[in-house]
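Reckoned from all heavy atoms, side chains included, excluding hydrogens, waters and symmetry mates. Proteins come first, then strands; the chains are lettered A, B, ... in the order of their sequence lines, and each starts at number 1.
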Protein chains: 2
Amino acid sequence: MDKKYTIKDIAQMAGVSKGTVDRVLHNRGKVSPAALEKINEVLNVIDYEPNLIARNLKSTKVYRICVLLPDPVFDPYWLPCVNGIQDAIKEFKAYNVNIEIHYFNPESTKSFLKTNEAIVAQSPDAVLLTPLFHKETLEIIKQYDELGIMVNTFNNQVESSSIKSFVGQDLYKSGRVAASLMNLILPKGQIAIIHIDESLKNAVHMQEKERGFRSYFDEKNLSDFSLTTLKLKYSNIETKLTSFLNENPDLSGVFITTSKAYQIASSLSNITDKKIVLIGYDLIDKNVSYLNQGLVHFLIHQNQKRQAYLGVSTLADHFLFRKDIPETILLPIDIINVENASFYIS
Amino acid sequence: MDKKYTIKDIAQMAGVSKGTVDRVLHNRGKVSPAALEKINEVLNVIDYEPNLIARNLKSTKVYRICVLLPDPVFDPYWLPCVNGIQDAIKEFKAYNVNIEIHYFNPESTKSFLKTNEAIVAQSPDAVLLTPLFHKETLEIIKQYDELGIMVNTFNNQVESSSIKSFVGQDLYKSGRVAASLMNLILPKGQIAIIHIDESLKNAVHMQEKERGFRSYFDEKNLSDFSLTTLKLKYSNIETKLTSFLNENPDLSGVFITTSKAYQIASSLSNITDKKIVLIGYDLIDKNVSYLNQGLVHFLIHQNQKRQAYLGVSTLADHFLFRKDIPETILLPIDIINVENASFYIS
DNA sequence: CATAAAAATGTGCTCGAACACATATTTTTT
DNA sequence: AAAAAATATGTGTTCGAGCACATTTTTATG
């Protein structure tokens, strides 16, 4: 009923040779109208799907995919990505797909550019990159485009017609999710939106989250709340927080737009005994630890591991099995509290 | 550097024929100690991984997997499972894995048994089943075991040494998650735990959720809350709810242990204008609709689609690529509110 | 030491798609 | 109508693992 037909079967049914069938299937021409019709008749009746296994066995081509990733040494945020890529490496190793990770220093555009050069020199079939630096990314994408190297991106969205795909999250909506949770816990009061170590590279990131967060309160017309934005640097967190708390004794909630919620939790517990609601991002160890202590109320999971995995696996599936690469993959915005956190930590 | 070695390569390096290498790799014996050592030396140096493509091309065996699923006609809860299975069917079609869905009436043990007979008659290589009926499941599993048919389960956990794997959720913990959300919204008050249409087949299910839910409040020693269990049938929801509400005017929260939150939401909106917090399960259309209206506050996503997909895909991966089948796969307990729901609906 | 038996080793075919190349058929040209 | 050119069609090989079977080498036995 659901038999798998082969080219040989089709050839036999149409009364021609497998070579001719192959030419029809691949539009290679050099086929007489008579033969074409006979073969098409057969193809219309049966449901032929080429055996992907055989096809891939024949092609000895080794596909090469490079991943450009910030070195987790500089920020543990990127650690899960490495795991995701390593899963992909394992999975596709048996299929002649070579996946290589190249690290760069997320604080240095120079490092970003230099690592890109190294990748270009390798001329892989495709690249998955973390486009932290907007301007530099655009330059580099042009280069890849000219060399016919396919480019996927993840984590940060960059608009460019040369980019084949983006895997990430809707940051605006994730800000809204955070706001809805905040609104659930707090009936009213002052809320601070804190950006830590805002540098060019993820300013857009944080702003989108803030925009979403604010939009929620704006829409609901919740006049019992007042929102204040606060930009902190790693070096001055505690002093700035202290003075902010002195000036704003009504502060009851904090939304941290980066993965550094643990820094705020730690500082706040030093400064005051007041119970302040904290909502932040990412399941890095220190954040989870404060979640378990009850000092962080919710974390939003950005699922970098899966982002990275999907970034390369869609490429590999494309090369191996000619699957379409979706233009955009938006991962769900997972809400994490102390009760369900363990299931998301891999 | 990361070259893929073939059996032929190994044979050449060890100075033997590929037949001998093959015998060593598969422990088929008939190899002299000298040859064995030479080959092992080579194997220790290089990192040989068989080409799965070639291996699967050779084997003409068609694997057959049957899925035993409650007919979504009787309960839309099961609809996502069908989609999950269909994804798997598409994915594994090219690999000579035949996956068939067999439906049964979830209200009828007879139907369950009859459909199982039909599957047994087909003697597939493996079965994924929804073990709704505990006693009948145990009987049937024995039968499969004798026939050497591998059995995986999902959604409901049944203890049996003959079951290879279970895909599902930790229901106790999901009850706790619901409780933590309820506690977040409500400072105090009376909470009802509602079981709808409790019949034997998922009594355990609901009880586990209730146990988890209660354990959370017990642990926290929250004496400002009082919990009441309420069992309803489809036919008497509105009348029973009305009288319950009259007797308990302080009711402020409801935890529904099944996917039928929409029925409670609908009835409550008829009965009273009071704002009662509702937390339930599953992203079926009607539930999401009430979520969007603000009448349901949270839904816990049981991700049946993925449960079903993983149930068969682990089997297929096992047959095709000799991957291990994990004894238990517990999916994360996704917290859904109106802001992030859209990302989970496929 | 010859011969049989046992053990070890090597050879060759298969799976299905893809493609190069050889052969057959038709069309064009002189 | 024969030769040349163009087009159509068929054949055979490759990819790597797996396994049946053929061949060689070693060991046992009279």
What is the distance, to the nearest angstrom, from the [atom1] atom on [X] to the [atom2] atom on [N]?
X: A/K30; N: C/dT25; atom1: NZ; atom2: C1'; result: 14 Å
X: B/I46; N: D/dG16; atom1: CD1; atom2: C1'; result: 14 Å
X: A/Q12; N: D/dG10; atom1: CD; atom2: P; result: 13 Å
X: B/I10; N: D/dG18; atom1: CD1; atom2: P; result: 11 Å

Base of D/dG18, side chain of B/R23 - is there a donor-acceptor contact under 3.5 Å?
no

Determine, using ring centers only, whether A/Y5 and A/Y48 are less than 6.0 Å apart.
no

Let me know which of A/L129, A/L128, A/I140 forms a side chain to side chain contact (heavy atoms under 4.5 Å, CB included) with A/L68.
A/L129

Give the residues of residues 34-44 of chain A touching DNA chain D, defined as any heavy atom closer than 4.0 Å, sorted by residue number.
A/A35

Detail all sub-3.5 Å separations between protein N/O atoms and N/O atoms belonging to nucleotides 16-19 of chain C.
from   : atom 1 : to    : atom 2 : distance (Å)
C/dG16 : N2     : A/A54 : O      : 3.3
C/dA17 : OP1    : A/Y48 : OH     : 2.7
C/dA17 : OP1    : A/N51 : N      : 3.2
C/dA17 : OP2    : A/I7  : N      : 2.7
C/dA18 : OP1    : A/R55 : NE     : 2.4
C/dA18 : OP1    : A/R55 : NH2    : 3.2
C/dA18 : OP2    : A/H26 : NE2    : 3.0
C/dA18 : N6     : A/K18 : NZ     : 2.6
C/dC19 : OP2    : A/R28 : NH1    : 2.9
C/dC19 : OP2    : A/R28 : NH2    : 2.5

Decide yes or no on side chain to side chain contact (heavy atoms under 4.5 Å, CB included) for A/T314 and A/K323, but give the supporting numbers first.
CA-CA 8 Å; A/T314 50; A/K323 284 197 189 156; over 6 Å; no

Is there a donor-acceptor pair under 3.5 Å between the side chain of A/Q304 and the backbone N or O of A/L79?
no

For residues 35-42 of chain B, tabulate all N or O donor-acceptor pairs below 3.5 Å that involve a side-chain atom, not counting sequence neighbours.
from  : atom 1 : to    : atom 2 : distance (Å)
B/N40 : ND2    : B/L36 : O      : 3.4

It should be established whether B/T20 places a side-chain nitrogen or oxygen under 4.0 Å from OP1 or OP2 of nucleotide C/dG10.
yes

Does C/dT9 have its OP1 or OP2 closer than 4.0 Å to a side-chain nitrogen or oxygen of B/S32?
yes

Taking atom NZ as the centre, does A/K164 end up with more than 12 heavy-atom neighbours from other residues, nucleotides or ligands that are less than 6.0 angstrom away?
no

Flag yes if more than 12 heavy atoms outside A/D324 fall under 6.0 Å of its CG atom; otherwise flag no.
no

Between B/F319 and B/Y63, what is the ring plane arrangement, given parallel below 30°, perpendicular above 60°, and tilted in between?
parallel

